[in-house]
Amino acid sequence: MTILKGRTLITMLLLGLVFVSCTNNDDDEELLGNWIKKSSFDGPARSSAASFVIGSYAYVATGYTGDEYLKDLWAYNSDGDYWEQKANFTGVARSSASGFSIDGNGYIGLGYDGTNKLKDFYQYNPDNNTWTQKTDFAGTARYSAVGFQVGGKGYFGTGYDGNYLKDFYQYDANSDTWTQLNGFSGNKRRNAAVFVIDDKAYLGTGVNNDVYQTDFWMFDPSTETWTRKRDIDQDDDDDDSYNDDYNIVRSNASAFSMNGLGYIVAGASSKTIWEYNPTTDVWNEKTSLEGSGRTDAIGFGINERGFVLLGRSGSTYYDDVWEFKPLEEQNDDDN
């Protein structure tokens with residue numbers, strides 16, 4: 001009996017040490033950031049939609065439900081937290097299109113209609129709720145390209161046309177013309193992510209021939225040059241500020257920027273989100289998305305607020321909308 005009691009006491013002490021150790025680790029690994037569930041998207045659940053932002057409104061169009069390619073357009077009022085249906089996109093229904101906004105107008109082009117890769121291009125005027133077809137994209141027909149606006153010009157680049165691509169084209173809305181740009185030394189890819197900070201675009205992630213891409217780049221429109229930043233797959237042993245366990249590498253992720261910082265979230269059914277500081281060229285992990293892990297979602301920033309919505313996981317398609325609060329502590333009771 002004495003031996004049994006001794007063993008029991010030792011076991012209890014060991015279990016206590018394990019419990020304390022786990023508790024301390026959990027505290028050490030607590031991440032900052034909180035997710036707030038917003039008004040659900042009013043249209044059908046979908047993945048691979050396109051979006052652009054004008055003022056305090058985000059516009060979401062096209063996409064794929066798992067059964068149907070779409071061409072509807074919805075506007076999200078970020079001040080009132082509600083959705084309004086607008087005039088249907090006038091091109092063919094599609095998924096994996098790209099978009100941006102210039103001078104109060106939205107633009108969508110490229111994509112895949114279930115049979116064809118596309119290169120047509122359209123302008124949306126929110127004042128009269130109309131679409132106008134513009135000059136076709138100057139590159140090859142493709143889908144899963146990135147789209148962004150910096151310096152008053154629009155840009156489409158990368159994607160897939162039967163080959164993985166790395167070319168970029170600039171759109172001038174005043175002349176309705178496309179110009180090919182040179183100088184991007186990064187790898188070919190599709191399903192990359194891009195965000196804009198202080199009129200510079202930051203591009204990374206994506207996949208090329210089933211290989212996730214790890215290079216990360218900044219585009220400066222004033223000089224039309226690309227600068228390689230620190231890769232996202234390994235830390236610098238000489239820099240203690242960099243996270244030793246980060247896992248930013250992925251494809252089909254969503255991205256947005258706010259308050260001078262960039263964010264990449266989800267992708268490949270992940271829930272993790274990473275915050276990029278362009279001043280230090282350092283990434284930090286934040287609280288993971290509180291909704292389901294997903295791929296092919298969209299992200300956008302509106303007036304220094306960041307949102308992630310839609311997407312899919314396997315054959316499940318989502319219509320939920322989440323806002324990220326990077327400076328708040330995670331709260332399980334606010335959704």
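Being a predicted model, the structure only gives us computed values, none of them experimental.
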statement: In this structure, CZ of F168 is separated from CZ of F184 (nearest 0.5 Å) by 5.0 Å
Point-to-point distance, once rounded to the nearest 0.5 Å, from CG of D220 to NZ of K200: 4.5 Å
query: With R94, which of N116, D113, D120 fulfils side-chain hydrogen bond (donor to acceptor under 3.5 Å, both in side chains)?
result: D120
query: Between K37 and E323, does a side chain to side chain contact (heavy atoms under 4.5 Å, CB included) hold up when you go through it step by step?
result: CA-CA 6 Å; K37 194 170 187 179; E323 180 177 0; over 6 Å; no
Closest contact, heavy atoms only, S78 versus S56: OG-O, 2.6 Å
task: Would you check if there is a donor-acceptor pair between the side chains of D332 and Q330 at a distance under 3.5 Å?
output: yes
statement: Here the pair of heavy atoms bringing L261 nearest to P278 is CD2-CD, 4.3 Å
- prompt: Quick one: OG on S96 to CG on L118, what's the gap to the nearest 0.5 Å?
  reply: 10.0 Å
- request: Give a yes/no verdict on a cation-pi contact between R190 and Y160, requiring under 6.0 Å between NZ or CZ and the six-membered ring centre and an angle within 45° of the axis.
  value: yes
query: Using the benzene-type ring in the case of Trp, are the ring centres of W283 and Y276 under 6.0 Å apart?
result: yes
query: Does any N or O in the side chain of N277 come within less than 3.5 Å of the main-chain N or O of T279, such that one atom is a donor and the other an acceptor?
result: yes
task: Show your reasoning for whether side chain to side chain donor-acceptor pair (under 3.5 Å) applies to D161 and Y143.
output: CA-CA 7 Å; D161 68 353; Y143 61 89; over 6 Å; no
message: Tell me whether W322 contacts the main-chain N or O of L309 through its side chain, where contact means a donor paired with an acceptor under 3.5 Å.
response: no
Common cluster, M258/V265, ILVMFWY with side-chain heavy-atom separation under 4.5 Å: yes
- request: Identify the heavy atoms of A75 and Y57 that sit nearest to each other, and give their distance.
  value: CB-CD2, 4.1 Å
query: Counting only N and O atoms by type, is there a donor-acceptor contact under 3.5 Å from the side chain of W274 to the main-chain atoms of K286?
result: no
query: Would one find more than 12 heavy atoms of other residues, nucleotides or ligands at under 6.0 Å from atom CG of D198?
result: no
- request: Nearest 0.5 Å please: distance from the CG atom of N88 over to the NZ atom of K71.
  value: 6.5 Å
query: With a 3.5 Å cut-off and no angle check, do the side chains of N335 and E290 form a donor-acceptor pair?
result: yes
- prompt: Under 6.0 Å between ring centres, would you say that holds for Y124 and Y59?
  reply: yes
- prompt: Hey, quick one: are Y155 and V146 part of the same hydrophobic cluster, counting side-chain heavy atoms closer than 4.5 Å, chains of contacts allowed?
  reply: yes
field: Closest approach of Y317 to S47 (non-hydrogen atoms, all atoms of both residues)
entry: CE2-OG, 3.4 Å
Report all side-chain donor-acceptor pairs from residues 248-256 shorter than 3.5 Å, counting only partners two or more places apart or in another chain.
residue : atom : partner : partner atom : Å
R250    : NE   : I248    : O            : 2.9
R250    : NH1  : A266    : O            : 2.9
R250    : NH1  : T272    : O            : 3.2
R250    : NH1  : T272    : OG1          : 3.2
R250    : NH2  : N247    : O            : 2.7
R250    : NH2  : T272    : OG1          : 2.9
N252    : ND2  : D296    : OD1          : 2.6
S254    : OG   : A297    : O            : 3.2

query: Quick one: do V150 and W226 end up in the same hydrophobic cluster if we chain Ile, Leu, Val, Met, Phe, Trp and Tyr together by side-chain heavy atoms under 4.5 Å apart?
result: yes
task: Specify the closest pair of heavy atoms between Y171 and D176, including all atoms of both residues, with the distance to one decimal.
output: OH-OD1, 2.6 Å
message: For the CD atom on Q133, are there more than 12 heavy atoms of other groups (residues, nucleotides or ligands in this structure) within a distance under 6.0 Å?
response: yes
message: Closer than 3.5 angstrom, by distance alone: can the side chain of W35 be matched with the main-chain N or O of T287 as a donor-acceptor pair?
response: yes
task: Check whether the ring centres of F307 and Y76 lie less than 6.0 Å apart, and answer yes or no.
output: yes
Indicate every side-chain donor-acceptor pair of residues 201-213 with a distance under 3.5 Å to a residue at least two apart or in another chain.
residue : atom : partner : partner atom : Å
T205    : OG1  : A193    : N            : 3.3
Q213    : OE1  : N187    : ND2          : 2.8
Q213    : NE2  : V211    : O            : 2.8

task: Write down the atom of T140, the atom of F137, and the distance for their closest heavy-atom approach.
output: O-CE2, 3.5 Å
Hey, can you pull the donor-acceptor pairs under 3.5 Å for the side chains in residues 100-112, sequence neighbours left out?
residue : atom : partner : partner atom : Å
S101    : OG   : V53     : O            : 2.8
Y107    : OH   : Q123    : NE2          : 2.8
Y112    : OH   : G114    : O            : 2.8

message: So does E328 get a backbone contact from the side chain of N34, meaning a donor-acceptor N/O pair under 3.5 Å?
response: no
- request: Indicate whether the side chain of D42 and that of Y82 have a donor and an acceptor atom separated by less than 3.5 Å.
  value: no
Rounded distance (nearest 0.5 Å) linking atom NZ of K117 with atom OG of S144: 11.0 Å
- prompt: When clusters are formed by joining ILVMFWY residues with side-chain heavy atoms under 4.5 Å apart, either directly or through shared neighbours, do M218 and F148 land in the same one?
  reply: no
- prompt: Charged N to carboxylate O below 4.0 Å: is that the case for D320 and R294?
  reply: yes
- prompt: What distance separates L70 CG from Y64 OH, expressed to the nearest 0.5 Å?
  reply: 10.0 Å
- prompt: Picking from K188, R189, R230, K229, what satisfies salt bridge (charged side-chain N to carboxylate O under 4.0 Å, His left out) with D215?
  reply: R189
task: Group every Ile, Leu, Val, Met, Phe, Trp and Tyr by side-chain heavy-atom contacts under 4.5 Å, then state whether F52 and F300 land in the same group.
output: no
field: With R46, the side-chain hydrogen bond (donor to acceptor under 3.5 Å, both in side chains) member among T65, D319, D72
entry: D72
